[in-house]
A.B. asks: 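Encoded as structure tokens, here's the structure I'll be asking about.
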Amino acid sequence: MAFAILIVDDSPAMRSFIRRVMDLSGLEVSSCLEASNGEEALDVLRRHWVDAVLTDINMPCMNGEQFVRRLGEDAVLKSVPVLVVSTDATDVRIRRMLELGVRGYLKKPFSPEVLREELERVLEGSDA
Amino acid sequence: MPEGEQEKAIAEGAREVLETMFFAEVLGPAPAEAVLEDERWVRLEFQGNPPGRLSVGVSAPAARRMAADFLGVEDAEALSEAQVGEVLCELANMIGGSILSRLESETIFDLGRPEAAASAPEEAGAGVVCCRFDLGDGMLAVRLAMRGG
């Protein structure tokens, strides 16, 4: 089964890296959409169905935490599984994001294997 | 915060980021007499307890090679300066996060947006820790300045 993924990160280099790592990991991806902040991501999600969202936290306009809160308030989008991919690996931040309903929290730096494992775990638990 | 603790966090954080996501080998600390030549610097401010500033400098050839490895581009010379700069900003962001997660794991910190800097940082003295690493084809320097540290 191939999956549709949305990558939300303000760094074009990081979005490109995640795309490449997903390719290398062998994960079947049917479409890979991109957004550079939470606001853009919400716009993309209103127009496209995705199986999972990978989001950074520190972003301009609307950061990852605000984005996840907005998803949770949306009757349609709140079921979209979210995996946080962030440099911030403090216990406080991880707890706060998990309390907001994200399905996983992946700390940068990460290896391709770990990204695949986490993404598969998140996708297996999705309602898709 | 003891400088030894900061140096340990910098060494562990930088090595983890370079080896996991940039496929770069850290050969060890750079020799004391080594000079960072033709380098590119990126700096970012962070808010936390305590707040401060992190600067990352990389020798130009090593920066280009690391950018190519990160982006999966075979010909490093084909990359634009902007692409190399973007990757260096991401490198600084990840090194910053990795270091601060070790030093401030019980508080929330906010990393600012990394920005290219025209020259090496000038901070020195108390609260400023600088570590330099030998990458084989160049050097990477990390300077951490914590306010009130």
Side-chain angles (χ1 to χ4, degrees), chain A residues 7-26 32 34 36-38 54-66 68 84-100 105-118, chain B residues 9 12-24 26 42 44-49 54 56 63 66-74 79-80 82-115:
Chain A
I7 302 169
V8 191
D9 198 306
D10 58 326
S11 162
M14 181 50 71
R15 295 199 302 268
S16 169
F17 180 84
I18 291 175
R19 265 179 181 264
R20 188 162 69 88
V21 164
M22 284 197 301
D23 283 347
L24 289 173
S25 75
C32 189
E34 295 186 14
S36 61
N37 59 59
L54 276 71
T55 184
D56 188 15
I57 292 179
N58 286 311
M59 295 180 290
C61 299
M62 183 188 291
N63 67 30
E65 188 170 326
Q66 294 165 330
V68 171
V84 174
V85 183
S86 174
T87 54
D88 184 344
T90 54
D91 298 339
V92 185
R93 179 76 80 181
I94 294 171
R95 266 201 309 274
R96 187 189 286 188
M97 294 306 289
L98 290 172
E99 283 167 8
L100 287 175
Y105 198 110
L106 184 59
K107 170 182 155 308
K108 297 178 195 171
F110 55 83
S111 66
E113 297 77 23
V114 172
L115 174 66
R116 180 184 174 134
E117 282 169 17
E118 267 302 293
Chain B
E12 290 177 354
R15 183 181 291 270
E16 181 187 32
V17 170
L18 289 167
E19 294 184 349
T20 309
M21 292 185 76
F22 288 83
F23 316 106
V26 178
V42 174
L44 61 86
E45 308 272 344
F46 56 89
Q47 301 303 319
N49 183 24
L54 180 90
V56 174
M66 285 164 58
D69 288 345
F70 188 79
L71 296 172
V73 174
E74 282 191 21
L79 291 175
S80 66
Q83 284 175 304
V84 176
E86 271 175 21
V87 172
L88 288 185
C89 284
E90 194 53 44
L91 170 70
N93 184 45
M94 280 190 275
I95 289 178
S98 194
I99 292 170
L100 294 176
S101 294
R102 288 170 162 81
L103 294 175
E104 303 192 358
S105 66
E106 291 305 317
T107 58
I108 291 274
F109 62 82
D110 280 310
L111 289 175
R113 200 175 173 80
E115 291 179 346

A.B. asks: Donor-acceptor pair, A/Q66 side chain versus A/N63 backbone, under 3.5 Å?
C.D. replies: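 Yes; judged by distance alone, with no hydrogens or angles, the pair exists.
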
A.B. asks: Identify the two heavy atoms, one from A/S25 and one from A/P112, that lie closest to each other, and give their separation to 0.1 Å.
C.D. replies: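 Minimum heavy-atom separation between A/S25 and A/P112: CB-O, 4.2 Å.
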
A.B. asks: Could you tell me the separation between the CG atom of A/L106 and the CG atom of A/L54, rounded to the nearest 0.5 Å?
C.D. replies: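 Between A/L106 CG and A/L54 CG, I get 8.0 Å after rounding to 0.5 Å.
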
A.B. asks: Less than 4.5 Å to any heavy atom of chain B: does that hold for the side chain of A/N58, its backbone, both, or neither?
C.D. replies: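 The side chain, not the backbone.
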
A.B. asks: Between A/D9 and A/K108 (salt bridge meaning N to carboxylate O under 4.0 Å), is one present in this structure?
C.D. replies: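 Here A/D9 pairs with A/K108 in a salt bridge, since their nearest N and O are under 4.0 Å apart.
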
A.B. asks: Would you check if the side chain of A/R93 reaches a backbone N or O of A/D88 as a donor-acceptor pair within less than 3.5 Å?
C.D. replies: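 Checked: no pair found.
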
A.B. asks: So which atom in B/M94 and which in A/T87 form the shortest heavy-atom distance, rounded to 0.1 Å?
C.D. replies: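 Closest heavy-atom pair between B/M94 and A/T87: CA-CG2, 3.5 Å.
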
A.B. asks: Is it the backbone or the side chain of B/F23 that comes under 4.5 Å from a heavy atom of chain A, or both, or neither?
C.D. replies: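 Side chain only.
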
A.B. asks: Between B/L71, B/L18, B/D110, B/V17, who has the most heavy-atom pairs with chain A when the cutoff is under 4.5 Å?
C.D. replies: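 So the answer, after comparing B/L71, B/L18, B/D110, B/V17, is B/L71.
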
A.B. asks: Check for a donor-acceptor pair, side chain of B/S98 on one end and backbone N or O of B/I95 on the other, with a separation under 3.5 Å.
C.D. replies: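 Checking the backbone N and O of B/I95 against the side chain of B/S98, no donor-acceptor pair under 3.5 Å is found.
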
A.B. asks: Identify the residues of residues 12-21 of chain A whose heavy atoms come closer than 4.5 Å to a heavy atom of chain B, ordered by number, or report 'none'.
C.D. replies: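 Near chain B, by residue number: A/P12, A/A13, A/M14, A/S16, A/F17, A/R20.
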
A.B. asks: Sort B/E90 into side chain, backbone, both or neither according to what part of it lies under 4.5 angstrom from a heavy atom of chain A.
C.D. replies: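 The side chain, not the backbone.
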
A.B. asks: About how many Å separate CZ of B/R15 and OG1 of B/T20, when rounded to the nearest 0.5 Å?
C.D. replies: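 The CZ atom of B/R15 is 11.0 Å from OG1 of B/T20, to the nearest 0.5 Å.
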
